[in-house]
Amino acid sequence: MPALFPESASTMASRVDALYFFLIAVAVFFSVLIAGLIVYFAVRYRRRTPEGVGVNIHGGLLLEIAWTVIPALIAAVIFVWGASVFFAMSRPPDETLNIYVVGKQWMWKFQHLDGQREINELHVPVGRAVKLIMTSEDVIHDVFVPAFRVKADVLPGRYTNIWFQATKPGRYHLFCAEYCGTRHSGMIGEVIVMEPSEYEAWLSGSRVEGSLASTGEKLFQDLACITCHRADTQGRGPVLQGLFGKTVQLQGGETVVADEAYIRESILRPAAKITAGYQPIMPTFQGLISEEQLLELVEYVKSLNTQQSPAK
Amino acid sequence: MRTLVLPPHHYLNDGYGIKSWLLTRDHKRIALLYLAAITFFFFLGGSFAVLIRLELVTPPGDLVSDETYNKLFTMHGVIMVFFFLIPSIPSTLGNFLVPLMIGAKDLAFPKLNLASWYIYVLGGLFTIYALVTGGVDTGWTFYTPYSTVSSTTSVIPAAMGIFITGFSSILTGLNFIVTIHRMRAPGMTWFRMPLFLWSIYATSLIMVLGTPVLAITMLLVAAERVLHFGFFDPALGGDPVLFQHLFWFYSHPAVYIMVLPSMGVVSEIVAAFCRKQIFGYKFVAFASMAIAVLGFLVWGHHLYVAGESVYAAMIFSALSFMVAIPSAVKVFNWTATMYKGSISWKTPMLYAMGFIGLFTIGGLTGLFIAAVGFDVHVTDTYFIIAHFHYIMVGGALMGYLGGLHYWWPKISGRLYPESLAKLSAGIIFLGFNLTFFPQFILGYLGMPRRYHAYPPEFQVLNVLSSAGASILGVGYLIPMAYLMWSLRYGKIAGANPWGASGLEWTTTSPPPTENFAETPIVTEEPYTYPLRAEAHLG
Ligand SMILES: [Cu+2]
Ligand SMILES: [Cu+2]
């Protein structure tokens, strides 16, 4: 006897399962009702003489209204329930452990903030909300962890994210769920959920060259970003300390919240959104740096918030 | 009892040469040209499905290479959707019946009708060209940027094949719309039309309004692939998700192109084999129109996990629930029609009952995945595969087979062998459920679609599914064989073997080239029983 239900190992799993059970109940009720009536009528009213004709029934307005309104009400309940689960899925808690994900044909690369890198394996602690910030180097992929009931496309040229909080240590399938070419079904991996203490041990046991932010800082110097973006206000570009999460005033009066996607775009297509009060002199880095280096730069810019308050 | 004979003159013996077929303007002969072509594509697409199911019997990818596997499911989807399901009922039964049911001699534009067939065949040739030059591996959905920058297969010929057949759809739809508006016999008011015509009318609207968007999308894919215009590839400044919006703007309504005509067929069969009026005729008729309109507003439910905003997902979810209501109304009305009917258990009725049951399951699982929070888990898994096969195979294809059996005596003048037909309808029903029901479970367990190899814990359900597929395959071959056999050896049917109402049953079987000796005059509502005396005559 094969399993009929997947393992549930995240806080979201039981919520999705509850909805699933309700949906099954609705489906079974109506399928049995319709199938039962069809079979019953087919037997009860089978034609007995070759000339037999049926009896026309008129004036079923009340019935028509009933079987329009009742399904509509049930649909409304399912809609609200499905929507509330989805809201929970798309709103991560304030405090999350962030991990960066880069998909490429046909592998998953994970980067932890402290600098650990993994391929096709992702170690996370149990009981802590984890947010994956994801992008693709080539075509569309999709991160899917059935045991957590979460899934999101991983798009080139964009950051998408999902979050989950694992509830049970163990090893769980990670699938690429968006068709991405020849070895799509080989683009699989495992999420390894560990007790916090084991996780700490794993973190310190892995060889690292430095945290993501520190690698990003090195890049920031190597790519000469530092010549324009200085911690004092003397540079030709804006001060980046305190930028992340801030609302930026753009040329032309619009504003934008400086999230990961904005920082990414500022580096790849600086001309797309010009910060008010500055000249469009920043060179584009499109094609010059990889998605992973971009993530390091983004993480470095984010880390500037906590280092020191920006020089005003 | 009087022995029945074929009428001396009918559309099938009105000329025998190959030219009399290839240059015909008779809608009935064109219907048969389509029948031959789509049957070919059905078995071609079906043979790919056989290979897919064989590969999935074991967890590792061992029967064919991953590259081949990807091409198999792509070609299966492309052929079944664009070359079988979309044209199936409209171009065969629709072509045959629209003029007969409204009491006309032909469609409004007979030459255009023939042209549509040639366009379809040309599109088919492009697709076969794509196949013999190595196949395509993008999935029938052609998602960018994979299809435009990454795939190295015959994407352009396949896209052109779809682009071209699209015009055949558009022209057929146009022909039906004009015919239904302009050529109804005296007395055939809109609300005296058989429900099949309402369905075909609604379907035609979708074909005419939706297909151009698909055509443009395919052109954009070709332009980006060949000329490197940046529509979809972010590296060229494009937006990959834009493609998905365009694609589903057509391809969601296309689901209704496939299933609405089947609903029309089911209405006809249920009325004829219960010998009574359809309960709530107007509700069923308007439900078709509502589905056609609402169907255009729900494409975003394919993009819940594709980076769509939370609020967009909410709106598309709500609209998707709304489109389910008219479908539910139809199911209830068909069921209610059976109450106090005089129900004959002939093969078409078995298919119609099968349709109602399977479409109900397909529709109900549609409610599952319209709920965003649930869909996140099952989208791109086998749950979706199961759901849309319940709609398209359990629904659309069952309706098509039911209709083919119901009107076969009219088309061929002869009866198919009833017991064998009932047996194969049973085999198809069983095989279908065994193939696709386990896939719902597989999907919820998390098996992604389009996987050449899979973890071993999914094997049992996959083996069940493959076993079902082999039964299903046999179930499809039997009707193919006995329908061909009956063309020559079947019993002569007579004008109205079912004692059914409807203008098509008042003329001879097969009908004369001009359909009716005299233009009929309609004086009553559809599905009026008992029939007026003359309609009974053979
Ligand atoms: Cu993939
Ligand atoms: Cu859809």
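Chain letters run A, B, ... following the sequence lines, proteins first and then strands; every chain starts at 1.
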- prompt: Non-hydrogen atoms of chain B under 4.5 Å away: do they reach the side chain of A:A35, the backbone, both or neither?
  reply: neither

query: Got a sec: does the CZ of A:F22 have more than 12 other heavy atoms crowding it under 6.0 Å?
result: yes

Which portion of B:Y311 sits near chain A, non-hydrogen atoms under 4.5 angstrom: side chain

message: Counting only non-hydrogen atoms closer than 4.5 Å, does B:A272 touch chain A with its backbone (N, CA, C, O), its side chain (CB onward), both, or neither?
response: backbone

task: Indicate the ring-plane relationship of A:W67 and B:F332, choosing parallel, tilted or perpendicular according to the 30° and 60° boundaries.
output: parallel

- prompt: Taking atom NZ of B:K346 as the centre, does the number of heavy atoms from other residues, nucleotides or ligands within less than 6.0 Å exceed 12?
  reply: no

query: Where does A:M187 contact chain B at under 4.5 Å (heavy atoms): side chain, backbone, both or neither?
result: backbone

message: Applying side chain to side chain donor-acceptor pair (under 3.5 Å), can you list everything that pairs with B:T141, at least two apart in sequence or on another chain?
response: B:R450

- prompt: Does any non-hydrogen side-chain atom of B:D66 lie less than 4.5 Å from one of A:S185?
  reply: no

Any side-chain heavy-atom pair of A:H173 and B:E457 under 4.5 Å: yes

query: What residue, out of A:R269, A:E64, A:H184, has the most heavy-atom pairs lying under 4.5 Å from chain B?
result: A:E64

message: With a 4.5 angstrom heavy-atom cut-off, is it the side chain or the backbone of B:A306 that approaches chain A, or both, or neither?
response: both

- request: Check whether A:L155 gets within reach of chain B through its side chain, its backbone, both or neither, counting any heavy atom under 4.5 Å.
  value: side chain

query: Side chains of A:R47 and B:I343: closer than 4.5 Å at any heavy-atom pair?
result: no

- request: Could you walk me through whether B:L445 and A:E7 pass the side chain to side chain contact (heavy atoms under 4.5 Å, CB included) test, one step at a time?
  value: CA-CA 8 Å; B:L445 285 173; A:E7 209 159 352; over 6 Å; no

field: Whether A:Y20 side chain and B:Y444 backbone form a donor-acceptor pair below 3.5 Å
entry: no

- prompt: For B:K340, does the NZ atom have more than 12 heavy-atom neighbours from other residues, nucleotides or ligands under 6.0 Å away?
  reply: no

message: Under the criterion side chain to side chain contact (heavy atoms under 4.5 Å, CB included), I'd like the reasoning laid out for A:I188 against B:Y451: C-alpha separation, chi angles, the key distance, then a yes or no.
response: CA-CA 11 Å; A:I188 55 179; B:Y451 261 34; 3.6 Å; yes

task: Determine the minimum heavy-atom distance between A:S90 and B:V310, stating which atoms define it.
output: OG-CG2, 3.7 Å

- prompt: Side chain, backbone, both or neither: which part of B:P455 has a non-hydrogen atom closer than 4.5 Å to chain A?
  reply: side chain

Contact class of B:E308 relative to chain A, heavy atoms under 4.5 angstrom: neither

- prompt: Is a side-chain N or O of B:N70 found less than 3.5 angstrom from the main chain of A:T182, in a donor-acceptor match?
  reply: yes

task: Taking atom CG of A:L73 as the centre, report whether more than 12 heavy atoms of other residues, nucleotides or ligands fall under 6.0 Å from it.
output: yes

message: Counting only non-hydrogen atoms closer than 4.5 Å, does A:D17 touch chain B with its backbone (N, CA, C, O), its side chain (CB onward), both, or neither?
response: both

message: If you define the side chain from C-beta out and look only at heavy atoms, does anything of A:R44 sit under 4.5 Å from B:Y339?
response: no

- line: Closest non-hydrogen contact found for A:G157 with B:P234 is CA-CB, 4.1 Å

query: Which region of B:S65, side chain (C-beta onward) or backbone (N, CA, C, O), has a non-hydrogen atom less than 4.5 Å from a non-hydrogen atom of chain A, or is it both or neither?
result: neither

task: Please say whether more than 12 non-hydrogen atoms of neighbouring residues, nucleotides or ligands are located less than 6.0 Å from NZ in B:K282.
output: no

- prompt: Who pairs with B:E67 by side chain to side chain donor-acceptor pair (under 3.5 Å), at least two apart in sequence or on another chain?
  reply: none

message: Quick check: closest heavy atoms across B:T144 and A:I140, and the distance to 0.1 Å?
response: O-CD1, 3.3 Å

field: Flag, side chain of B:W345 to backbone of A:A42, donor-acceptor distance under 3.5 Å
entry: yes

query: Above 12 or not: heavy atoms from other molecules or residues under 6.0 Å from CD of A:Q286?
result: yes

statement: Within residues 365-372 of chain B, the residues sitting under 4.5 Å from chain A by heavy atom, in sequence order, are B:L367, B:F368, B:A371, B:V372

- prompt: Heavy-atom distance under 4.5 Å to chain A: side chain of B:Y146, backbone, both or neither?
  reply: both

statement: Here the pair of heavy atoms bringing A:M89 nearest to B:G373 is CE-O, 3.3 Å

message: A side-chain contact here means heavy atoms from C-beta on lying under 4.5 Å apart; do A:Q105 and B:S150 qualify?
response: yes

task: Please examine the side chains of A:P156 and B:P145, heavy atoms only from C-beta on, and report whether any two atoms are closer than 4.5 Å.
output: yes

task: Give, as side chain, backbone, both or neither, the part of B:N333 having an atom under 4.5 angstrom from any heavy atom of chain A.
output: both

task: Would you check, one step at a time, whether the test side chain to side chain contact (heavy atoms under 4.5 Å, CB included) holds for A:R149 with B:V376?
output: CA-CA 7 Å; A:R149 315 285 189 274; B:V376 168; over 6 Å; no

Pairwise side-chain contact, B:Q277 with A:I57, heavy-atom cut-off 4.5 Å (strictly under): no

message: Taking side chain as everything from C-beta outward and backbone as N, CA, C, O, which of these in A:F87 sits under 4.5 Å from a heavy atom of chain B? Side chain, backbone, both or neither.
response: side chain

Main-chain N/O of A:N56 paired to B:K276 side chain as donor or acceptor, under 3.5 Å: no

Segment of A:V43 engaging chain B (4.5 angstrom heavy-atom cut-off): both

- prompt: With B:N433, which residues qualify under side chain to side chain donor-acceptor pair (under 3.5 Å), at least two apart?
  reply: B:Y390

- line: Whatever's closer than 4.5 Å to a heavy atom in chain B on A:R15 counts as neither

task: Tell me, for A:L61 versus chain B, whether the close heavy atoms (under 4.5 Å) come from the side chain, the backbone, both or neither.
output: side chain

message: Please classify the contact of B:S151 with chain A as side chain, backbone, both or neither, using a heavy-atom distance under 4.5 Å.
response: neither

- request: Name the orientation class of the two ring planes belonging to A:F175 and B:F458 (parallel below 30°, tilted from 30 to 60°, perpendicular beyond 60°).
  value: tilted

- prompt: Are any of the side-chain heavy atoms of B:H452 and A:R183 separated by less than 4.5 Å?
  reply: no

message: For B:L364 versus A:S31, what's the shortest heavy-atom pair and its separation?
response: CD1-OG, 3.5 Å

- request: Verify side chain to side chain contact (heavy atoms under 4.5 Å, CB included) between B:M338 and A:L37, making sure each step is shown before the conclusion.
  value: CA-CA 9 Å; B:M338 291 177 69; A:L37 284 176; over 6 Å; no

message: Taking every non-hydrogen pair under 4.5 Å, which of A:P71, A:A177, A:S84, A:P50 racks up the most with chain B?
response: A:A177

task: For each of A:F86, A:F5, A:Y45, tally heavy-atom pairs with chain B at distances under 4.5 Å, and name the one with the top tally.
output: A:Y45

query: A:L63 versus chain B, heavy atoms under 4.5 Å apart: side chain, backbone, both or neither?
result: side chain

- request: Tell me, out of B:T379, B:T381, B:I361, who's got the most heavy-atom pairs with chain A below 4.5 Å.
  value: B:T379

- prompt: Measuring heavy-atom distances to chain A, does B:F359 have an atom under 4.5 Å in its side chain, in its backbone, in both, or in neither?
  reply: neither

- request: Of all the heavy-atom pairs spanning A:F79 and B:S317, show the shortest one and how long it is.
  value: CD1-OG, 3.3 Å

message: Can you tell me which portion of B:V378 sits under 4.5 Å from chain A's heavy atoms? Options are side chain, backbone, both or neither.
response: backbone

